[in-house]
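To keep things clear, I will list the structure first and then write my remarks on it.
Protein chains get the first letters and strands the later ones, always in sequence-line order, with residue 1 at the start of each.
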Amino acid sequence: MQPYGVSVFSQVNYPNAFLYTALIRGYTIDGLLKESLLIYSAMRRGGVTPVSFTLTSLLKACGSEVNVNLGRQIHGEIVKLGGFSADLFVGNVLIDMYLKCGYLGCGRKVFDEMPARDLISWTSLIDAYAKAGDMGSASELFRGLPVKDMVAWTAMVTGFVQNAKPREALEYFEKMQSAGVQTDEVTLVGVINACAQLGAVKYANWVRDVAEKSGLGPKNDVHVGSALIDMYSKCGSVDDAYKVFKSMQEKNVYTYSSMIVGLAIHGHAGSAIELFEEMVKTDVKPNEVTFIGVLTACSHAGLVEQGQSLFEMMEKSYGIKPSVDHYNCMVDILGRTGKLEQAVKLIESMPMEPSAGIWGALLGACRIYSNPDIAEVAARNLFNLEPESIGNYILLANIYAKAERWQDVLKVRKLIKKKGLKKNPAFSWVEGEKGVIHEFYAGDMTHPRFREIKEMLQDLINRLQMDGYEPNLSSVLYDVSEEEKRRILMNHSEKLALAYGLLVTEDGCAIRIVKNLRICEDCHLFMCGASKISGREIIVRDNMRFHHFHNGTCSCSNFW
DNA sequence: TTAGGGTTAG
């Protein structure tokens with residue numbers, strides 16, 4: 001295939017730099033980098049001196065093709081040609097080429113050697129450092145920036161978000177506002193994501209006000225709206241997420257997918273599937289994420305056949321090849337419903353290498369259905385893929401413990417010790433008065449109101465026991481006495497957080513708890529009972545999903 | 001015409 005320009009070009013006897021450049025640009029736009037370089041060589045052989053646009057066209061193509069070797073050759077040409085090294089525009093495109101190819105150090109070197117830099121040079125590098133996870137270098141550059149504009153500030157805000165530092169992101173947003181810098185929808189999306197990471201309702205409502213006040217609410221901007229949906233569902237308010245969804249005039253695949261995923265993680269499987277069916281009737285086509293959402297919904301509701309038919313529909317009706325993540329959902333669906341052999345068969349039939357997530361889903365299913373034999377297969381693969389991830393070892397030890405295979409438990413514990421792996425401490429946090437957040441570790445006695453918390457917890461236990469609650473001792477995976485098991489269970493961080501929440505929030509107010517690990521069976525049972533006797537709604541976000549406890553039952557139908 | 005953005009489970 002040749003660009004149209006070729007036939008015209010070939011009729012010119014003495015093409016000049018602009019004609020050559022136009023032809024080169026034609027090739028680069030079509031992704032024909034090698035061909036464009038041949039034209040460039042011909043141009044040089046013909047004694048025609050390139051203009052800056054000639055070189056930037058080539059550099060841009062090297063960036064998008066991720067071809068640093070050719071990019072370096074062009075860099076060499078720039079140096080050889082002398083004058084272009086001082087060209088700000090050429091320098092910026094050169095930096096961009098190195099960054100797109102993943103050569104941050106080379107990009108920095110060009111930056112340092114540039115005779116003059118502008119906001120674009122600085123911001124490109126700040127963003128690159130942020131994406132590489134080096135917020136230290138990003139901040140350092142940002143501090144040195146003589147004039148900071150909206151884009152530079154936004155690069156910092158989103159950089160902190162990308163590195164899971166939501167508090168710093170909000171801090172920079174506040175500084176940005178105090179500096180009198182305007183914000184636009186890109187900044188807002190970053191701030192909204194920061195609030196989603198924090199998962200606190202207080203911030204969620206605050207950022208929504210900020211968006212509305214700047215005239216960029218969900219009605220006006222589809223990006224902001226979609227981000228708000230995701231934020232509200234991550235903050236535990238799927239109803240608010242749905243209100244945002246309903247209020248939006250323009251809806252695209254992100255809008256629908258965020259809403260479907262939101263409904264799925266909150267246990268509203270039926271609504272998630274209904275929304276999917278509504279979506280496919282519109283012009284908005286589902287993508288791979290949308291399918292992750294509906295398949296997750298099926299997995300949380302135990303809908304095997306529906307999941308299987310959606311999985312088949314993906315490729316047949318929508319031309320989306322199932323990825324390893326979609327297989328992961330299917331393994332989860334089969335595993336959670338106890339179809340462990342079928343899950344293993346599906347893994348064996350996969351057209352790609354199973355990921356750690358796949359084996360993790362299988363191992364999780366083995367825990368629910370107490371199947372140490374299949375668990376060993378899953379664990380062996382996991383130990384290969386993620387030798388340093390302690391969670392897998394603990395899960396296997398737990399499965400052995402449940403089967404009372406204490407010798408095997410000991411073996412796994414020794415393995416953990418030999419590898420020098422440290423256990424992740426469990427912690428929970430809860431929104432207290434005025435949205436103030438308090439964090440509790442398991443067995444935490446450091447809170448100034450610990451005595452009151454303990455009393456509240458004991459009172460709760462007494463009332464629950466009168467209601468028939470019996471501690472689920474098999475949730476403790478140490479081979480210790482029953483009494484010790486009871487003591488360990490009662491000090492789980494989410495129970496402490498709940499007691500504190502009951503202590504400091506008003507009657508009728510929902511209690512929101514976030515836990516860094518998965519909620520244990522005993523705490524789940526405990527929360528069910530507590531929601532009944534206290535008349536409070538309890539919302540727990542664990543590392544997997546949301547649990548809404550209300551009047552003695554959980555939205556997950558004890559299926560998680 | 002070179003810089004910042006939205007959805008992914010377990």
- Task: Do nucleotides 1-6 of chain B as a string where each nucleotide becomes B, S or -: B if the base has a protein heavy atom under 4.0 Å, S if just the sugar-phosphate does, - if no protein is that close.
- Result: SBBBBB
- Task: Indicate, yes or no, whether a donor-acceptor pair under 3.5 Å links the base of B:dA9 to the side chain of A:N328.
- Result: yes
- Query: Using a cut-off of 4.0 Å on non-hydrogen atoms, how would the nucleic acid contact of A:V261 be classed: base, sugar-phosphate, or nothing?
  - Reply: sugar-phosphate
- Message: Taking salt bridge (Lys or Arg N to Asp or Glu O under 4.0 Å) as the definition, give me every residue that meets it alongside A:D221, ordered by chain and number, with sequence neighbours left out.
- Response: none
- Query: Atom CG of A:D332 and atom P of B:dA9: how far apart are they, to the nearest Å?
  - Reply: 11 Å
- With sequence neighbours excluded, what pairs up with A:E274 under the salt bridge (Lys or Arg N to Asp or Glu O under 4.0 Å) test? none
- Query: Can you list every pair that meets salt bridge (Lys or Arg N to Asp or Glu O under 4.0 Å) and has a residue in residues 297-312 of chain A, with sequence neighbours left out?
  - Reply: none
- Query: Between atom NE2 in A:H326 and atom C1' in B:dT7, what is the gap in whole Å?
  - Reply: 12 Å
- Are any of A:K234's side-chain N or O atoms less than 4.0 Å away from OP1 or OP2 of B:dT8? yes
- Message: Run the salt bridge (Lys or Arg N to Asp or Glu O under 4.0 Å) test against A:E376 and tell me which residues pass, sequence neighbours left out.
- Response: A:R405
- Task: Round to a whole Å and report the spacing from OH of A:Y242 to C1' of B:dT7.
- Result: 17 Å
- Would you mind reading off the distance between A:Y256 atom OH and B:dT8 atom P, rounded to a whole angstrom? 18 Å
- Task: Applying salt bridge (Lys or Arg N to Asp or Glu O under 4.0 Å), name anything that partners A:K109, two or more places apart in sequence or on another chain.
- Result: A:E113
- Task: Using the six-membered ring wherever Trp is involved, compare the ring planes of A:Y242 and A:F245 and label them parallel, tilted or perpendicular (cut-offs 30° and 60°).
- Result: parallel
